[in-house]
Novice: 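Structure provided below as structure tokens; questions to follow.
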Amino acid sequence: MIRTRRTYMTLNPKKLTRGLCVGLLALSGGIAGNALADVEMTIRADEPGDTISKYLYGQFAEHLGRGLYEGIWVGEDSDIPNTGGFRNDVIEALKPLKIPVIRWPGGCFADEYHWRDGIGPREDRPVRINTHWGWVEEDNSIGTHEFMQLVEMLDSEAYIAGNIGSAPPVDMAQWLQYMTADDNSTLAKERRANGREEPWKVAFWGVGNETWGCGGNMTPAYYTDLYRRYATFLKAPSGYMPKLVASGGQNDATDWTEALSGGTTDAGMFFKIDGISHHYYTLPTGDWGKKGQATGFPEAEWISTLDRTLMVDGHLNLQEEVLERNDPDGQVGIYLDEWGTWYDPTPGSTQGFLEQQNSIRDALVAALNFNVFHEHTERLHMANIAQTVNVLQAVLLTDGPKMIKTPTYHAFELYIPFQDATYLPLELDGVPDYEVGDVSVPHVSATAALTTDGKLAIGLVNLHASDAIDIDIDLEGFSADAAEARVLTGASIDAHNTFDSPETVKPTGLDVNLDGDSLEVSLPPRSVSVILLDP
Ligand code: AHR
């Protein structure tokens, strides 16, 4: 929605401070009810930085609960409208997100998955037990061909997570050859016989998942050796070799990044490490035994969730410090290939299916992650939210034939302009702290970039549960003719969409006062906004 008003604004001289969010206004007794000075922001369009990789907006879809089965795949015989087994409503909802990459088949499932179970006629495929997630039957209806069909339907790219935990190197090596060979080898012929003439391009290949836990309970040193062994046998025809991602650590741990990058990361024709994965989940309480609820939570868990989300910045900094030391040339990237909120499951949902509602709080979590990711573009090469449909911080939820877009979906949609945009540094001045009890976060988080079509994009998050905030924005090196601004907020801190009310939380237009190289905007409480400025 275009809401442009040209007005004259006077900006105060700025005390510039580099950083994502800086809280400078100390107010006794918190800020609620106090009159606030405007926050001042300067965006340096004249100092463009790195590209914000589109892969920071990746997805992760595991064989877990109703994530793939029912959530994305219903089979060709289903009453739910589908194309080749993929539900039409879900595919049509996902297409506009411009999903750059999808990670599959796990997660923990990856290290118990045997790719041969998922090829050939579906009626002949074996039924296994998904021992990680619910001990349910896995009939392997979705296998390599179906996943790659999904990737093609969404105009996306594939990130395959190979099994290092319970399969020998030959399995992983042959899976890659099956997908990429274009010759008369038996594997290439088998793929053709199964309906796929051309080899597939697999963009990324993960060598195991969470090998410190469900992927095999290994030590960093043991896995590092194992990575080298498995990666040595991963070969593909010229132009078809995926980037190889080693399975790394989680949270603030650095021992996996240290071990994997501490030795050789590029052994010529033998193996290479293009990236090291890292995982970070946001739990409102930080306690896996009692994580906190998806809805009906107190303000203390609103702020603790946002506070814990922002911790990803520190976790990434720690990995980067290790890589700066061990890989100063910047050959190895960080792949944050699992992130998102993890709550206590929806009451009544199947144990092990990791189902949870998704509220405006999740939209803020997503946008805060994006804002942080943009600060790490040099080393952070990919990020994948867990997970696409019905699992954890999903962008879509389904219930039989019904489907809804979650607030997280809308955050992803709002931030599309940042995919492959050029990072712009910004300074924020006068950002008050928002405090609840002994937890304090900045009232505002912001990011800016030059989009691939020449616009200036600004992403803004108002973290406060109940207070709006005004921002004066000064553009250095950019003059705007028109502004298009949208905002996502909710009537309460747990506002969410339901199958009966699917559009309770959705983006609306936002007023912006624009005057060439400066603008004013008022951010409603608990909101995510994206402003697009035309030159
Ligand atoms: O996303 C759910 C699970 O979280 C994944 O399977 C695993 O890798 C992680 O522990």
Side-chain angles (χ1 to χ4, degrees), residues 58-69 71-72 101-113 128-136 138 142 147 159-167 204-218 220 223 227 245-253 256 275-284 286-289 291 294 308-309 312 315 334-346 349-356 358 362 365-366 369 382-397 406 408:
Q59 293 280 332
F60 166 41
E62 180 170 14
H63 287 239
L64 195 174
R66 298 186 305 118
L68 281 163
Y69 298 113
I72 295 178
V101 64
I102 310 171
R103 178 172 180 252
W104 173 86
C108 293
F109 183 79
D111 283 295
E112 66 176 42
Y113 182 64
R128 309 286 185 203
I129 299 296
N130 189 330
T131 64
H132 275 293
W133 305 118
W135 201 267
V136 292
E138 162 64 63
I142 300 178
F147 173 66
Y159 177 9
I160 301 279
N163 179 347
I164 201 173
S166 66
F204 305 94
W205 194 281
V207 183
N209 168 76
E210 294 195 353
T211 46
W212 41 265
C214 65
N217 282 303
M218 307 176 196
Y223 171 73
Y227 172 88
V245 185
S247 172
Q250 62 168 345
N251 308 341
D252 60 354
W256 290 77
I276 299 173
S277 81
H278 200 78
H279 292 177
Y280 179 58
Y281 284 99
T282 303
L283 281 60
D287 174 0
W288 283 97
K291 297 179 269 296
R308 289 179 175 281
T309 297
V312 73
H315 301 339
I334 301 166
Y335 287 54
L336 188 71
D337 56 19
E338 290 186 26
W339 67 268
T341 52
W342 196 320
Y343 305 131
D344 292 333
T346 302
S349 61
T350 307
Q351 202 187 353
F353 276 20
L354 311 187
E355 296 191 10
Q356 59 190 44
N358 190 293
D362 294 83
V365 167
N369 271 295
M382 190 189 286
N384 308 67
I385 191 169
Q387 301 191 5
T388 310
V389 188
N390 289 335
V391 176
L392 298 176
Q393 194 180 343
V395 296
L396 299 174
L397 298 177
T406 66
T408 297

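We count ligands from 1, going down the list as the structure has it; atoms in each ligand are counted the same way.
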Novice: Test of understanding: with ring-ring contact (aromatic ring centres under 6.0 Å, His included), list the residues that count as partners of H315, not counting sequence neighbours.
Specialist: Y280
Novice: F353: which residues meet the ring-ring contact (aromatic ring centres under 6.0 Å, His included) condition with it, sequence neighbours left out?
Specialist: none
Novice: Evaluate the ring planes of Y113 and F109, with Trp represented by its six-membered ring, and classify them as parallel (under 30°), tilted (30 to 60°) or perpendicular (over 60°).
Specialist: tilted
Novice: What closest approach, in Å, do T408 and Q393 show between heavy atoms, and which atom pair accounts for it?
Specialist: OG1-NE2, 3.1 Å
Novice: With sequence neighbours excluded, tell me which residues meet ring-ring contact (aromatic ring centres under 6.0 Å, His included) with W133.
Specialist: none
Novice: Please name the residue in the list M382, E62, E338 that meets the side chain to side chain contact (heavy atoms under 4.5 Å, CB included) test with R103.
Specialist: E338
Novice: May I have a table of the N/O to N/O pairs between ligand 1 and the protein that fall below 3.5 Å, each row giving the two atom names and the distance to 0.1 Å?
Specialist:
| from | atom 1 | to | atom 2 | distance (Å) |
| --- | --- | --- | --- | --- |
| ligand 1 | 1 (O) | Y281 | OH | 2.7 |
| ligand 1 | 1 (O) | Q387 | NE2 | 3.0 |
| ligand 1 | 4 (O) | Y281 | OH | 3.3 |
| ligand 1 | 4 (O) | E338 | OE1 | 3.2 |
| ligand 1 | 6 (O) | E62 | OE1 | 2.7 |
| ligand 1 | 6 (O) | E62 | OE2 | 3.1 |
| ligand 1 | 6 (O) | C108 | N | 2.8 |
| ligand 1 | 8 (O) | N209 | OD1 | 3.4 |
| ligand 1 | 8 (O) | N209 | ND2 | 3.0 |
| ligand 1 | 8 (O) | E210 | OE2 | 3.4 |
| ligand 1 | 8 (O) | E338 | OE1 | 3.1 |
| ligand 1 | 8 (O) | E338 | OE2 | 2.7 |
| ligand 1 | 10 (O) | E210 | OE1 | 2.7 |
| ligand 1 | 10 (O) | E210 | OE2 | 3.1 |

